[in-house]
Amino acid sequence: LFQKYRIVEKPIYLNQEDIVTKILDYKTKQIDGKITFVDTQHFEKSNGDLKTIIGAISAIDLIELIKNKNGQTTIDEDIFNENIRVYKYGHQVNQAIIDSANQNTNYQFFYLNNGITLLCEDEDYVPHTKSPTVNLKNIQIINGGQTSHSLFEVYKTDPEKLRTIEVLVRLCITKRNKTIGERISESTNNQIPVASRDLHSNDGVQRKLQEEFELLGYFYERKPNQYPDQPLNKILNNELLGQLYMSYYLDMPSEAKNNKAKVFTDLYSDIFNEQEISAKKLLRVFQIYQPILEKKKLIQGKKRRKENIDEKEAFVSRATFH
């Protein structure tokens with residue numbers, strides 16, 4: 001067959017995993033940009049196909065990197081696709097970042113903030129020079145989303161405040177090595193405040209399930225508060241779905257009810273096994289769960305109204321997963 005097409009020197013074989021990876025890559029928006037290091041405040045470390053550049057950039061530079069090119073007052077959220085957390089408006093930590101940037105002593109911001117970690121496919125700059133500009137290909141901010149968004153809030157109200165602020169940047173160049181990129185993202189975010197669920201939010205199986213559910217007309221929430229603008233009855237929380245899987249397919253209803261942390265720790269590989277899991281399989285058990293949940297809500301309503309409840313009804317409200 002291939003002999004008819006002489007320009008093809010060698011057949012290219014793609015298995016299912018390769019095809020899925022290519023689909024996900026195609027649907028992921030590529031963002032290019034540039035940053036300029038302050039003066040000579042940067043250094044580089046390289047090991048084979050891995051390179052890291054660490055240095056200081058101005059907060060204004062960061063804003064230029066993350067904002068929509070078509071709109072000055074919005075962020076291009078695609079630059080945070082690989083970030084495991086969604087920005088939490090009004091959170092006390094983020095408010096503290098905003099307050100720190102608004103103070104007259106905001107030149108101290110560099111010392112008080114952990115900075116950001118950038119992942120990119122390639123870079124182009126002249127090392128060992130003063131204030132070099134680095135051109136970046138296919139950027140993702142994998143850590144520092146809260147800092148970036150908080151500084152953008154300051155930018156919207158008073159851009160001049162950012163002119164005295166510098167931000168620590170760790171730039172990781174991975175040359176299309178997805179595995180090491182995922183490991184950098186996980187280790188960078190592996191801190192006590194980050195839940196186990198968050199650490200798994202960018203796993204390949206989670207992204208594939210998100211795509212599958214989209215085809216079924218649902219929004220698979222692999223990150224907390226991922227779809228604030230979508231109808232609640234179309235959002236399926238991956239933690240709840242994991243609990244339902246534990247209960248129905250693994251026959252562990254008690255653990256599902258009382259120890260849901262196991263969904264993203266001890267039992268993660270059993271629940272989100274790529275050979276077994278699918279959106280249709282999860283949706284099936286969710287549809288079984290829905291009428292039970294509705295009955296539980298009715299019983300809870302009776303309790304609030306202090307109506308008489310027989311033992312059968314009380315049992316349903318306590319043993320939903322069973």
Side-chain angles (χ1 to χ4, degrees), residues 1-33 48-51 65-66 68-69 76-86 117-124 135-143 145 171-189 197-223 226-227 230 234 236 238 241-242 264 268-269 271-283:
L1 178 65
F2 276 97
Q3 286 176 356
K4 292 192 296 182
Y5 307 97
R6 297 187 179 183
I7 60 169
V8 179
E9 296 181 358
K10 183 180 179 181
I12 299 169
Y13 295 94
L14 300 174
N15 61 25
Q16 288 183 329
E17 183 69 25
D18 295 329
I19 293 170
V20 171
T21 299
K22 288 184 179 295
I23 291 171
L24 291 175
D25 284 347
Y26 176 77
K27 296 191 74 173
T28 301
K29 177 182 174 183
Q30 177 172 317
I31 298 174
D32 302 331
D49 62 345
L50 291 176
K51 183 192 290 185
L65 188 69
I66 66 175
N68 269 312
K69 303 305 179 272
D76 187 347
E77 294 293 345
D78 286 318
I79 202 171
F80 299 101
N81 281 339
E82 301 288 334
N83 196 298
I84 64 173
R85 285 181 286 192
V86 175
T117 300
L118 278 165
L119 201 63
C120 75
E121 183 180 323
D122 208 352
E123 51 74 28
D124 179 32
N135 294 302
L136 305 170
K137 179 182 178 183
N138 201 4
I139 321 159
Q140 281 293 304
I141 295 178
I142 59 172
N143 188 273
L171 175 60
C172 301
I173 302 97
T174 62
K175 302 288 185 184
R176 296 296 291 166
N177 186 333
K178 282 186 173 295
T179 302
I180 190 63
E182 290 172 0
R183 289 176 62 193
I184 291 171
S185 178
E186 181 175 340
S187 62
T188 302
N189 288 284
R197 177 190 177 192
D198 294 330
L199 288 173
H200 286 293
S201 65
N202 280 328
D203 288 357
V205 64
Q206 298 296 329
R207 294 175 64 199
K208 290 173 190 174
L209 286 170
Q210 182 180 359
E211 293 291 328
E212 287 183 36
F213 272 110
E214 185 177 327
L215 292 174
L216 297 173
Y218 289 88
F219 299 94
Y220 180 74
E221 195 177 54
R222 56 188 175 87
K223 304 178 186 181
Q226 191 175 357
Y227 300 107
Q230 300 300 333
K234 290 294 182 179
L236 299 181
N238 66 348
L241 292 177
F264 292 100
Y268 182 79
S269 59
I271 297 170
F272 296 102
N273 182 336
E274 292 196 50
Q275 307 304 317
E276 300 289 338
I277 199 78
S278 72
K280 286 185 177 180
K281 194 170 184 178
L282 289 171
L283 186 58

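We count residues from 1, following the sequence as given. Worth knowing before you read on, the calculation uses all heavy atoms, side chains too, and leaves out hydrogens, waters and symmetry mates.
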Quiz item: Looking at R207, R222, Q140, which hits side chain to side chain donor-acceptor pair (under 3.5 Å) with N202?
Solution: R222
Exercise. Drop me the distance from D18's CG to I23's CD1, to the nearest 0.5 angstrom.
Key: 11.0 Å
Practice problem: Kindly write out the residues that satisfy side chain to side chain contact (heavy atoms under 4.5 Å, CB included) with D78, not counting sequence neighbours, or none if the list is empty. | Solution: K29, I31, D76, N81
Quiz prompt | From CG (L50) to CD1 (I173), nearest 0.5 Å | solution = 9.5 Å
Self-check item: Side chains of L282 and E212 in contact at under 4.5 Å (non-hydrogen atoms)
Solution: no
Return all side-chain donor-acceptor pairs below 3.5 angstrom for residues 272-281, not counting sequence neighbours, or 'none' if the list is empty.
residue : atom : partner : partner atom : Å
N273    : OD1  : Q275    : N            : 2.9
E274    : OE1  : K208    : NZ           : 2.8
S278    : OG   : K281    : N            : 3.1

Quiz item: How long is the gap from CD1 on I141 to CG on L119, to the nearest 0.5 Å?
Solution: 11.0 Å
Quiz item: Side chains of Y220 and Q206: is there a donor and an acceptor less than 3.5 Å apart?
Solution: yes
Quiz item: What's the spacing between E121 CD and C172 SG if we round to 0.5 Å?
Solution: 14.5 Å
Practice problem: Keeping the roles fixed (side chain from N138, backbone from C120), state whether a donor-acceptor pair exists under 3.5 Å. | Solution: no
Quiz item: Just how far is it from atom CG of L199 to atom CZ of F264, taken to the nearest 0.5 Å?
Solution: 10.5 Å
Quiz item: From L209 CG over to L283 CG, what is the distance, rounded to the nearest 0.5 angstrom?
Solution: 11.5 Å
Quiz prompt | Distance-minimising heavy-atom pair for F219 and Q230 | solution = CZ-OE1, 3.2 Å
Quiz item: Should the pair H200 and Y268 be assigned to parallel (<30°), tilted (30 to 60°) or perpendicular (>60°) ring geometry?
Solution: parallel
